[in-house]
Peer 1: 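Here it is: the structure, laid out below.
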Amino acid sequence: QVQLVESGGGLVQPGGSLRLSCAASGSAFSVNAVGWYRQATGKGRELVAAITSSGSPNYADSVKGRFTISRDNAKNTAYLHMNSLKPEDTAVYYCNVAPLVIIVAGRLDSWGQGTQVTVSS
């Protein structure tokens with residue numbers, strides 16, 4: 001089972017930037033897709049960005065042009081660079097590692113603790 005540790009969240013003003021990191025254990029990282037999800041208070045968890053094992057990214061419309069997902073297979077780590085942050089980006093952000101079809105479906109049983117992102121003036 002993959003262990004996931006998200007970090008890099010914090011309080012930022014609107015228009016600011018943050019970089020989230022997702023450190024994963026195990027040897028399956030490089031052959032799987034990575035997804036970044038977020039869950040705002042009182043809402044369901046949504047997929048905001050995913051990257052395939054070969055490095056092809058995809059984004060939710062709400063973050064397209066502002067967020068960039070990347071991965072470093074040598075470090076078993078994925079990143080989410082977030083620019084032009086808005087108050088509506090406030091949420092707990094989670095990552096996961098799995099085949100792409102499972103990442104997109106969100107049918108994952110194990111999650112890390114997440115990292116809180118708060119966008120507020």
Peer 1: Can you see which heavy atom on Asn32 is nearest to which on Pro99, and at what distance?
Peer 2: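 Here Asn32 and Pro99 meet closest at OD1-N, 3.1 Å.
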Peer 1: Can any side-chain N or O of Arg71 pair as donor or acceptor with the backbone N or O of Thr52 at less than 3.5 Å?
Peer 2: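 Checking the backbone N and O of Thr52 against the side chain of Arg71, a donor-acceptor pair under 3.5 Å is found.
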Peer 1: Taking all non-hydrogen atoms of both residues, which atom of Ile102 and which atom of Tyr37 are closest, and how far apart?
Peer 2: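 Heavy-atom minimum between the residues: O-OH, 4.4 Å.
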Peer 1: Answer yes or no: is there a donor N or O on one side and an acceptor on the other, between the side chain of Ser21 and the main chain of Tyr79, under 3.5 Å?
Peer 2: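 Between the backbone of Tyr79 and the side chain of Ser21 there is no qualifying donor-acceptor contact (under 3.5 Å).
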Peer 1: For residues Ser53 and Ser30, report the shortest heavy-atom separation together with the two atoms involved.
Peer 2: CB-O, 3.5 Å
Peer 1: Would Thr118 and Ser120 count as having a side-chain donor-acceptor pair, cut-off 3.5 Å?
Peer 2: no
Peer 1: According to salt bridge (Lys or Arg N to Asp or Glu O under 4.0 Å), does anything in residues 22-41 pair up with another residue at least two apart or in another chain? List the pairs.
Peer 2: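 Non-adjacent pairs meeting salt bridge (Lys or Arg N to Asp or Glu O under 4.0 Å): Arg38-Glu46, Arg38-Asp89.
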Peer 1: State whether a side-chain donor-acceptor pair under 3.5 Å links Asn83 with Ser17.
Peer 2: yes
Peer 1: Could you identify which residues cluster with Ile69, counting Ile, Leu, Val, Met, Phe, Trp and Tyr as linked when any side-chain heavy atoms lie under 4.5 Å apart, either directly or through a chain of such contacts?
Peer 2: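 Direct or chained contacts put Ile69 with Val2, Leu4, Val12, Leu18, Leu20, Phe29, Val34, Trp36, Val48, Ile51, Tyr59, Val63, Phe67, Leu80, Met82, Leu85, Tyr93, Val97, Val117, Val119.
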Peer 1: Would you say Arg107's side chain and Ile103's backbone share a donor-acceptor pair under 3.5 angstrom?
Peer 2: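 Checking the backbone N and O of Ile103 against the side chain of Arg107, no donor-acceptor pair under 3.5 Å is found.
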Peer 1: Taking only residues two or more places apart in sequence, or in another chain, which ones meet Ser110 in a side chain to side chain donor-acceptor pair (under 3.5 Å)?
Peer 2: Gln1
Peer 1: Which atom pair, heavy atoms only, marks the closest approach of Pro14 to Ser121?
Peer 2: CD-N, 3.7 Å
Peer 1: For the residue pair Gly35 and Leu47, what are the closest heavy atoms and their distance?
Peer 2: CA-CD1, 4.0 Å
Peer 1: Which pair of non-hydrogen atoms, one from His81 and one from Ser70, has the smallest distance, and what is that distance?
Peer 2: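 Heavy atoms of His81 and Ser70 come nearest at NE2-OG, 3.7 Å.
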Peer 1: Is it possible for you to say whether Val101 and Leu108 belong to one hydrophobic cluster, with membership spreading through side-chain heavy-atom contacts below 4.5 Å?
Peer 2: yes
Peer 1: Report the distance from atom CD of Glu6 to atom SG of Cys95, rounding to the nearest 0.5 Å.
Peer 2: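 That separation rounds to 4.0 Å.
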